[in-house]
Amino acid sequence: MKVNARLIAGLVHGTLEGDPEIAITAPCGIESAKPEHISFMGNLKYEHYLYSTEAGIVLIPSDFQLKEPVKPTLIRVPDVYQAVALLLQHFQVKEQVSSSIAESAVVDKSASIGEGTHISAQVFVDRNAVIGKHVHIYPQVYIGAEVTIADYTIIYPGVRIYRDCHIGEYCIIHSNTVIGSDGFGFVKDEDGAFNKVPQIGKVRIGDRVEIGANCTIDRATMGETVIHDGVKLDNLIHIAHNVHIGKHTAMAAQVGVAGSTKIGESCLIGGQVGFAGHIEIADQTEIQAQSGIGASITEKGKKWFGSPAIDYVSYIKSHIIFKKLPELWKKVLSLEKERD
Amino acid sequence: MKVNARLIAGLVHGTLEGDPEIAITAPCGIESAKPEHISFMGNLKYEHYLYSTEAGIVLIPSDFQLKEPVKPTLIRVPDVYQAVALLLQHFQVKEQVSSSIAESAVVDKSASIGEGTHISAQVFVDRNAVIGKHVHIYPQVYIGAEVTIADYTIIYPGVRIYRDCHIGEYCIIHSNTVIGSDGFGFVKDEDGAFNKVPQIGKVRIGDRVEIGANCTIDRATMGETVIHDGVKLDNLIHIAHNVHIGKHTAMAAQVGVAGSTKIGESCLIGGQVGFAGHIEIADQTEIQAQSGIGASITEKGKKWFGSPAIDYVSYIKSHIIFKKLPELWKKVLSLEKERD
Amino acid sequence: MKVNARLIAGLVHGTLEGDPEIAITAPCGIESAKPEHISFMGNLKYEHYLYSTEAGIVLIPSDFQLKEPVKPTLIRVPDVYQAVALLLQHFQVKEQVSSSIAESAVVDKSASIGEGTHISAQVFVDRNAVIGKHVHIYPQVYIGAEVTIADYTIIYPGVRIYRDCHIGEYCIIHSNTVIGSDGFGFVKDEDGAFNKVPQIGKVRIGDRVEIGANCTIDRATMGETVIHDGVKLDNLIHIAHNVHIGKHTAMAAQVGVAGSTKIGESCLIGGQVGFAGHIEIADQTEIQAQSGIGASITEKGKKWFGSPAIDYVSYIKSHIIFKKLPELWKKVLSLEKERD
């Protein structure tokens, strides 16, 4: 499929500079684009690529001032990243969602499957599961007894959903993520052996949640582990039993949240951050990658860093002196020597 | 199923205060319980919920003194958490373990399957595997050649057990955990390329071990990687080749242990802790979350923190000064100035 | 199979000391070896085992000087680890690769399967996938539409390869690793909700790459995520969208690399290290376990430590003073007191 610059400018509500007839076939990153590609420059860090790229068309910010002439046709837009999102949706090959159950799927006869829903090959659906309309279950997924999945959700290959969990509508769950595995709960006996506390709660996942690959979301000991509407989790994230994650919070890869912790709304959590159990985190909290949060955060909208984490700016300032500690030590020894 | 307070008090050997006829249907967390629920208060941090909860019945410690009157019937027990464990076992819906091999399972004819064992749909069992009695293999599990699994073990969907590994009795392995993948062993050649050292050892997992979801336990280069009896591993944990983990040690999520390290008995390891390779850790060691252990720990029963980790109390003390480093720096500069 | 010391000495080009007729059946670690085993001592740290081992044969370095008499037959070699690698290849039981498609595999009729390739039970291969010669696909693997896999590659059980990704030749991908899941890309709208940026790029994996179990390699937003030839990744590693990893770089377990970062050739990355997005790392960089890399590294062949990381030696020096911070603080307070 070929699309010309005029059509694209219309699609993204942009202003055209250059040849409106130039046609492209696919989007591509600016550093490796060819004349048949459309690309974008959304960050001034990448400005230099604009003057050397071979892309046919490039999206740039409305108010951007060119320092040199450029080869591609330009389309100016107020928000480059939103325009890219729109453009990519246009180019994305839609998966065909035929309404069907593959022959090799094993679906319990008590399960309910909505219209337009596709159950792929080698899927297992256990008793009394309720799957809504226009859901796409990829191959090799496991859906336990009593699980409910709402409309328009996509479950990628190898996801495991243990019994009695709920997934909302318009969710996307990536491959090999596990939802509803047992929380880590044990009682030590007098011989030092751990006795299992049975985990009889559930997991409830809201609407428009996206969960990356190889994550683990444990079921509650009692009650529910809750991922609220609009939460976005990257890959390899661990959410323990009875955790609550507030609306529109996003977590980068490899974050771990210990049991019963409640994280607020619209928080931004960097990669490899760890949260202790039984704490509460205020809305709009931002946490720098690799930080460790050992206590509740009650003030909204602050930024944290370190393990254990402190205020972000304080951490940066302390870290500057940390690098000079051998020098500081010598200074003090020399002051002491002179005193004596 | 409805159960009244008198019956429950008998079950947990507790003392009843309030209406012995009040009946509940399920357990629930104290903050969200309704009159048809039983709940518990095991930690004084949650005492305030006791005065507002709508729960029908609440378990509390024997010696707890009420500060206000409460609505629910109370059952006093010496150890609230042990009583809860007992109670939850009572309420847990037992999975039906029928003795059978599902039609879509592929089981090599040389494999041996014990009585009362259930091989679910879409499971693969390779040649000469030996699976004991009353084992429950959930759908979509892979069991390699020569693998042995002892009696009463539960293997959740999507677990992969490579050839020649052993799992003990009464174990629980959660979804998508991988046991017996190759250790990370390479020899660099003169061109800088890594040549693989074939990994021909095994993994041996003792009895009553529980392993969470999405863990990886690598096989030994030669010999065995060993997880001893009663060990409990949370989710997303990495155990490298030739590691040994001692009896009754528990590890929180996302811990990583590098090759050939030996961890003692009854250790408690916090989340996201990392261990270097080829070290030994004494029994009863406790390690704070996110710490890095780069050298052997020879003294039993100590607590560690930091990366690289030091004694826990020393770390906390140093961290207090770390937060004041900019102030400390200024003090020293000012002392120097006055000296000059 | 029994092999005697003379034959082994020939195989590894070593020099024999002791009984050339002694025969062994398998390799084993030096601390637990029995007379029917061959073992090795490649590191002086383990010298003491040499004098107590029951192994029949032990490989040792050519120039090693015995301090006491030993029981086993010795074979001296210039590089013990290379000799072990050779030896293990000899002992490794070769998996039988019969050229066949298992009955329970679901292979789209538009897919192309090369000669000598084995598609195991319960595998799913989608439309237009192209799988080369002598490839071994283990059970329960998912291969998406348009995926290409080159000759002699091994894919272990439960690997998921999303549509349109490429895997080179002689690669090994371990169980439950996910390749081609969506990059973590969202645009925030005025209501604080995240809108998904469709991820339409690919993953390209070079030749002779080995990837451990439960890793996640995200597809590019546009363009490609690239793992170059000879890269070795351990378990539970996260590689984000548009990352490039240079030739012969090795990463230990649980490393995370954020979006668009480019890592050079022949780098050695310790376990649990995190990289920020949009940075570049020079060739031959070495990074200590648990470090955090927040900015580009432009100088080749340096070693780094800490979070955020600094020069390795500087970190060690600062950390020594970190442990003495309470003492340093007291010294300064005392200096101030005397001044006043």
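Letters go in sequence order (proteins before strands), and every chain restarts at 1. What's counted below: heavy atoms across the whole structure, side chains too, no hydrogens, waters or symmetry copies.
Interface residue A:Ser175: backbone and side-chain heavy atoms are both found under 4.5 Å from chain C. For a residue to count as touching a neighbouring chain, one of its non-hydrogen atoms must lie under 4.5 Å from one of that chain's; by this rule C:Asp191 touches chain A with the backbone only. For chain C, no part of A:Tyr170 is nearby; none of its heavy atoms comes within less than 4.5 Å. Only the backbone of A:Leu233 comes within contact range of chain C, with at least one heavy atom under 4.5 Å from a heavy atom of that chain. Using a 4.5 Å cut-off between heavy atoms, A:His319 contacts chain C through its side chain alone, with no backbone atom that close. For C:Ala258, no part sits under 4.5 Å from any heavy atom of chain A, backbone or side chain. Residue C:Val257: no heavy atom, backbone or side chain, is found under 4.5 Å from chain A. There is no contact between A:Glu327 and chain C, counting heavy-atom distances below 4.5 Å. With a 4.5 Å cut-off on non-hydrogen atoms, C:Val159 does not touch chain A at all.
Ranked by heavy-atom pairs under 4.5 Å with chain A, the list C:Val332, C:Leu236, C:Leu325 is led by C:Leu236. The residue among A:Pro27, A:Gly271, A:Gly230 with the most heavy atom pairs within less than 4.5 Å of chain C is A:Pro27. The greatest number of non-hydrogen atom pairs below 4.5 Å with chain A, out of C:Gly223, C:Gly183, C:Gly256, is found for C:Gly256. When each of C:Asn195, C:Leu328, C:Asp189, C:Val197 is checked for heavy-atom pairs under 4.5 Å with chain A, C:Leu328 comes out on top. Per-residue heavy-atom pair counts under 4.5 Å with chain A were compared for C:Val255, C:Asp311, C:Ile320, and the maximum is reached by C:Val255.
Inter-residue side-chain proximity for C:Val106 and A:Pro139 is flagged as unmet; no heavy-atom pair is nearer than 4.5 Å. Side-chain contact check for C:Ser334 versus A:Arg339: some heavy-atom pair is nearer than 4.5 Å. Residues C:Ser318 and A:Pro326 form a side-chain contact, since some pair of their non-hydrogen atoms from C-beta on lies under 4.5 Å apart.
Test A:Asn176, A:Asn214, A:Asn235 against C:Thr216 for side chain to side chain donor-acceptor pair (under 3.5 Å) and you get one pass: A:Asn235.
Heavy-atom contacts from other residues, nucleotides or ligands closer than 6.0 Å to NZ of C:Lys302 number more than 12. The neighbour count for A:Lys232 NZ, taken as heavy atoms of other residues, nucleotides or ligands under 6.0 Å away, is above 12. Annotation for A:Glu338: atom CD counts as buried by contact number, over 12 foreign heavy atoms lying within 6.0 Å.
Note on ring orientation: taking the six-membered ring where Trp is involved, the planes of C:Tyr315 and A:Phe322 are tilted (angle from 30° to 60°).
The distance between the ring centers of C:Tyr162 and A:Tyr138 does not fall below 6.0 angstrom.
A side-chain donor-acceptor contact under 3.5 Å links A:Gln254 to the backbone of C:Gln254. Side chain of A:Gln140 to backbone of C:Gln122: a donor-acceptor contact under 3.5 angstrom is found.
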- request: Report the C-alpha distance between A:His174 and C:Val178 in whole Å, list the side-chain angles of each, state the deciding distance to 0.1 Å, and finish with yes or no for side-chain contact (heavy atoms from CB on, under 4.5 Å).
  value: CA-CA 9 Å; A:His174 284 282; C:Val178 177; over 6 Å; no
task: Applying side-chain contact (heavy atoms from CB on, under 4.5 Å), run through A:Arg208 and C:Phe194 and close with a yes or a no.
output: CA-CA 9 Å; A:Arg208 296 175 306 284; C:Phe194 292 104; over 6 Å; no
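Of the inter-residue distances, the one linking A:Ile173 atom CD1 with C:Ser181 atom OG reads 13.0 Å to the nearest 0.5 angstrom.
Of all heavy-atom pairs between A:Tyr46 and C:His278, the closest is OH-ND1, 2.6 Å. Listed here is the closest heavy atom pair of C:Met222 and A:Cys28: SD-N, 3.6 Å. Across all non-hydrogen atoms, the minimal contact from A:Gln290 to C:Gln272 is NE2-O, 3.5 Å.
Judged by the 6.0 Å and 45° rule, C:Lys317 forms no cation-pi pair with A:Trp329.
Listed by chain and residue number, C:Ser291, C:Lys303, C:Phe305, C:Tyr312 satisfy the side chain to side chain contact (heavy atoms under 4.5 Å, CB included) test with C:Gln288 (two or more places apart in sequence, or in another chain). Remark: A:Ala253 engages A:Asp234, C:His238 in a side chain to side chain contact (heavy atoms under 4.5 Å, CB included) (not counting sequence neighbours).
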